[in-house]
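In what follows, chains are A, B, ... by sequence order, proteins preceding strands, each numbered from 1.
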Amino acid sequence: MNPYAYIREQVVAMIDVLADDGILPAGMDFANLAVEAPRDPSHGDVATNAALVLTKQAKMKPRDIAAPLAGRLAGLEVVEAAEIAGPGFINLRLADDFWRERLKDVLGTGTAYGDSQLAAGEKINVEYVSANPTGPLHIGHVRGAVYGDALATLLAKVGYDVCKEYYINDAGAQVDVLARSVHLRYREALREDVGEIPEGMYPGDYLIPVGQDIAKRDGDKWLGLAEAEWLGEFRRLSVDAMMDLVRADLASLGIEQEVFFSEQSLHLEGGIDSALAALRDKGLIYTGVLEPPKGKTPDDWEPRPQTLFKASQFGDDVDRPLQKSDGAWTYFAADIAYHHDKVERGYKQMVDVWGADHGGYIKRMNAAVRALSNDQGHLDVRLCQMVRLLRGGEVVRMSKRAGNFVTLRELVDEVGRDVVRFMMLTRKNDAPLDFDFQVAMEQSKDNPVFYVQYAHARIHSVLRRVGDELPDLAVDPESLAKSDLGRLTDSAEMDLIKHMATWPRAVEIAAQAREPHRIAFYLNELASDFHALWNKGNAEPGLRFIMPEDAGTTQARLALIQGVAFVLASGLAIIGVEPVDSM
RNA sequence: GCGCCCGUAGCUCAGCUGGAUAGAGCACCAGAUUCCUAAUCUGGGGGUCACAGGUUCGAGUCCUGUCGGGCGCACCA
């Protein structure tokens, strides 16, 4: 049960009762009515702004609404006290037994605690990474990969039917360059001296085995032919090889996407034609001449008629070209077709995760989705800012020259998958992030991953050791849930339960905001509460978890910390980090 | 010139979509270990929420403007 949602139901019910009694008007709108944990714990367990929110609709002073409402709420069995405070807040203190029941909720649901049906099974498509298939993933891709993956898991947790997707940019000129680079490596594999890899080609060593494989399979079949003879085949083979590389990179982070959608297929299989036909039917495509961008006219600007999409009709600044000067489709045209395909597949909710440098592209893509879906579809583009790599506070220099950037794999190999995933979520996605190798490797509370995992490990350490003192005590979750939780009376213990009880709400808030970093912050707080209680047991032996002479209290305390372990594991699962049992 | 993001403690950042006296961590200072992992914890000082207006019961949060920083600005992807 989500206690805040429960209390909100009670508040609304009591307002209805007061309306029946003629004390309040009937039929008021409760949209802004909130029941939350107050920031200041001295204000009680939960607070509602009901009286403040309704003051206008009821045409009454906040306190005149609050007084009868608080009186009614005070009559509820779970409510220990109801007070009116400040401008008209109603602060409620709930019975300890009510909170102890919440701990039973946790123990009964385990790591599924926090799951909800908020989204009621609605389909949603989350597209992320979508790096060009020209080489291994590098540091620039990692954040979007982790963010997108965690977001997908988070959305699934609140009841979305999530599809995780990757768009393969396998149609542009850079794929031709890739194919030519591989052809060079192919010739090299056949013992031809190709010398230095020329400027403008991809020089990376990762292309060597691709060329070798083709040589092994086809021998000299592609030698001495005109480029047009081999380019298509080399593109196909190269992209396949690069996507294998990409998938392996993603797998090293524990990421597995379900759909890999080829841009090239849109060109070859009529996807672009049908998407643009759909727009043309709506009268949204025309031929026109664009104004040069103000303030910064490109040197080679020349006004000429272009095929344009009426993006400006859907909130974009200008209409956007669909064809290049050589007649080929623009990237945007293919992207329209791609999102058209998503709409056709039944997605009304779509999330695209992009790098911040693509921010200028959002308006046109939103415009396209609105146009394609008759305003039924909604695209939410989430931007990820840069990651700056540091080592002991010093910036790790990376030049653009190939081979000199830090790859995803190097990062994962050095600090480990869990650390990478957690650290990438310690900042809001649209804020720049510093990733310090040294901190990431530290085993101290400076390292948030360590801090949270350490709490989880400590709990399991206690669960392992209790058998030494109380060999007959049942410590499985079912037995713990049936233990005498009334033994939990210390304020630190109750605070921990109350903190756990906010977990379902925290998950919903994070999902609605589409900000998985909030999960990481929550976990840090919960871990902190747990570490504090642990240390309280150092100072006051009567508060230790294992009390050899008191099996009942021990069992109740184990119930408490098992609950914490479940919530920590539940949150770590969203982030994609392993909850370790020992360290 | 235009558009988007951002500006919160000395530093790095949260702030539950408008709630009560704005919070953490780092750093600094002072403490806790015969004891379930001290790999941890407790306490302390530190703020014109960039600035100026506006909206309302109430603004770090919403609107307008100014200043400062980042990204982008036909046909590349």
- Query: Phosphate oxygens OP1/OP2 of B:rG15: is one of them under 4.0 Å from a side-chain N or O of A:Lys428?
  - Reply: yes
- Of all pairs that satisfy side-chain hydrogen bond (donor to acceptor under 3.5 Å, both in side chains), the ones with a partner from residues 378-391 of chain A, not counting sequence neighbours: A:Tyr147-A:Arg382, A:Asp380-A:Arg382, A:Asp380-A:Arg514, A:Arg388-A:Asp434, A:Arg391-A:Glu414
- Task: Name the nucleic acid region contacted by A:Glu302, choosing base, sugar-phosphate or nothing; use a 4.0 angstrom heavy-atom cut-off, strictly under.
- Result: base
- For A:Met500 and A:Gly563, the nearest pair of non-hydrogen atoms, with its separation, is SD-C, 3.4 Å
- Item | Phosphate OP1/OP2 of B:rC75 contacted by A:Thr330 side-chain N/O (<4.0 Å) | no
- Task: Could you check how far CG of A:Asn49 sits from P of B:rA20, rounded to whole Å?
- Result: 11 Å
- Query: Atom CG of A:Asp468 and atom P of B:rU37: how far apart are they, to the nearest Å?
  - Reply: 10 Å
- Return no unless some side-chain N or O of A:Arg364 is found under 4.0 Å from OP1 or OP2 of B:rC73. no
- Phosphate oxygens OP1/OP2 of B:rU37: is one of them under 4.0 Å from a side-chain N or O of A:Arg465? yes
- Remember a base hit wins even if backbone is also touched, and classify A:Asn132 as base, sugar-phosphate or nothing at under 4.0 Å, heavy atoms. sugar-phosphate
- Item | Separation of B:rC36 C1' from A:Glu540 CD (nearest whole Å) | 15 Å
- Hey, does the side chain of A:Asn91 reach the backbone of A:Gly44 with a donor-acceptor pair shorter than 3.5 angstrom? no
- Task: Show your working on side chain to side chain donor-acceptor pair (under 3.5 Å) between A:Thr307 and A:Gln323 and close with a plain yes or no.
- Result: CA-CA 6 Å; A:Thr307 308; A:Gln323 273 180 307; 2.7 Å; yes
- Message: Rounded to whole Å, please give me the gap between CD in A:Gln264 and P in B:rA77.
- Response: 12 Å
- In whole angstrom, give the distance that lies between atom CD of A:Gln306 and atom C1' of B:rA74. 5 Å
- Task: Would you mind listing every salt bridge (Lys or Arg N to Asp or Glu O under 4.0 Å) that reaches into residues 517-527 of chain A, with sequence neighbours excluded?
- Result: A:Glu515-A:Arg518
- Query: Which residues satisfy the salt bridge (charged side-chain N to carboxylate O under 4.0 Å, His left out) test with A:Asp352, sequence neighbours excluded?
  - Reply: A:Lys342
- When you check the glycosidic angle of B:rU34, does it come out syn, meaning within 90° of 0, or anti? anti
- Query: If a stem is a run of at least 3 consecutive Watson-Crick or G-U pairs, both distances under 3.5 Å, which stems include RNA chain B?
  - Reply: B:1-7 with B:67-73, B:10-13 with B:23-26, B:28-32 with B:40-44, B:50-54 with B:62-66
Atom pairs under 3.5 Å, N or O on each side, protein against nucleotides 9-12 of chain B: can you list them with distances?
from, atom 1, to, atom 2, distance (Å)
B:rU12, O2', A:Arg427, NH2, 2.5

- Just call it for A:Ser582: base, sugar-phosphate, or nothing, with non-hydrogen atoms closer than 4.0 Å on any strand. base
- Just checking A:Asn91: base, sugar-phosphate only, or nothing, at a heavy-atom cut-off of under 4.0 Å? base
- Query: What about A:Phe89 and A:His43, are their ring centers closer than 6.0 Å?
  - Reply: no
- Note on the structure: On a heavy-atom basis, the closest approach of A:Trp354 and A:Tyr361 is CH2-CD2, 3.5 Å
- Note on the structure: RNA chain B nearest-nucleotide lookup for A:Pro303 and A:Ile362: closer to the 5′ end is A:Ile362
- Item | Heavy-atom closest pair, residues A:Leu245 and A:Gly135 | CD2-C, 4.2 Å
- Does the ring of A:Tyr361 meet both stacking tests against the six-membered base ring of B:rG72: centre distance under 5.5 Å and plane angle under 30°? no
- Query: Which pairs with one or both residues in residues 529-550 of chain A pass salt bridge (Lys or Arg N to Asp or Glu O under 4.0 Å), sequence neighbours excluded?
  - Reply: A:Arg487-A:Asp550, A:Asp490-A:Lys536
- May I have the distance from A:Asn366 (atom CG) to B:rC4 (atom C1'), rounded to whole angstrom? 12 Å
- Aromatic ring proximity A:His456/A:Phe530, centre distance under 6.0 Å: no
- Task: Classify the nucleic acid contact of A:His358 as base, sugar-phosphate or nothing, counting any heavy atom under 4.0 Å across all strands shown.
- Result: base
- Query: Quantified in whole Å, what is the P atom distance between nucleotide B:rG43 and nucleotide B:rG7?
  - Reply: 29 Å
- Closest listed nucleotide, where the reference is the side chain of A:Pro38 and the choices are B:rA14, B:rA77, B:rA20: B:rA20
- Query: Taking the same atom, P, in B:rA24 and in B:rC67, what whole-Å distance lies between them?
  - Reply: 36 Å
- Message: Measuring only the C1' atom in each nucleotide, how far is B:rG58 from B:rA39? A whole number of Å is fine.
- Response: 45 Å
- Message: Using a 4.0 Å heavy-atom cut-off to protein, can you give one letter per nucleotide of nucleotides 39-44 of chain B, 5' to 3': B if the base is in contact, S if only the sugar-phosphate is, - if neither?
- Response: BBSS--
- Does OP1 or OP2 of B:rC2 have a side-chain N or O of A:Lys363 closer than 4.0 Å? no
- Query: Base, sugar-phosphate, or nothing for A:Ala431, non-hydrogen atoms under 4.0 angstrom?
  - Reply: sugar-phosphate
- Message: Under 4.0 Å, heavy atoms only, any strand: does A:Pro87 hit a base, just the sugar-phosphate, or nothing?
- Response: base
- Task: Could I get the full list of salt bridge (charged side-chain N to carboxylate O under 4.0 Å, His left out) partners for A:Asp430, not counting sequence neighbours?
- Result: none
- Look at all strands and tell whether A:Ala171 reaches a base, only sugar-phosphate, or nothing, counting heavy atoms closer than 4.0 Å. nothing
- Message: Please classify the nucleic acid contact of A:Ala356 as base, sugar-phosphate, or nothing, using heavy-atom distances under 4.0 Å.
- Response: sugar-phosphate
- Can you check the A:Lys59 NZ to B:rU56 P distance for me, whole Å? 17 Å
- Query: Does a distance-only test, which skips hydrogens and angles, find a donor-acceptor pair under 3.5 Å between the side chain of A:Arg518 and the base of B:rC16?
  - Reply: no
Extract from the structure each pairing of a protein N or O with an N or O of nucleotides 60-64 of chain B at less than 3.5 Å, listing the distance.
from, atom 1, to, atom 2, distance (Å)
B:rG60, O6, A:Arg39, NH2, 3.0

- Message: Within the 4.0 Å heavy-atom criterion, would you say A:Gly359 contacts the bases, only the backbone, or no part of the nucleic acid?
- Response: nothing
- Pairs satisfying salt bridge (Lys or Arg N to Asp or Glu O under 4.0 Å), at least one member in residues 447-464 of chain A, at least two apart: none
- Message: Holding to salt bridge (charged side-chain N to carboxylate O under 4.0 Å, His left out), I want the full list of residues that pass it with A:Asp45, two or more places apart in sequence or in another chain.
- Response: A:Lys498
- Can you tell me the distance, in whole Å, between the NZ atom of A:Lys61 and the P atom of B:rG58? 15 Å
- Out of B:rA20, B:rC71, B:rC6, which nucleotide sits closest to the side chain of A:Asp430? B:rC6
- Item | Residue list, salt bridge (charged side-chain N to carboxylate O under 4.0 Å, His left out) with A:Arg180, at least two apart or on another chain | A:Glu227
- Taking atom C1' in both B:rU55 and B:rA9, what distance in whole Å separates the two? 30 Å
- Pairwise 5' ranking along RNA chain B for A:Arg320 and A:Thr55, keeping only the more 5' one: A:Thr55
- Item | Parallel, tilted or perpendicular, as decided by the 30° and 60° cut-offs, for the rings of A:Phe314 and A:Phe309 | parallel
- Item | Pair A:Tyr338 and A:Tyr167, ring centroids less than 6.0 Å apart | yes
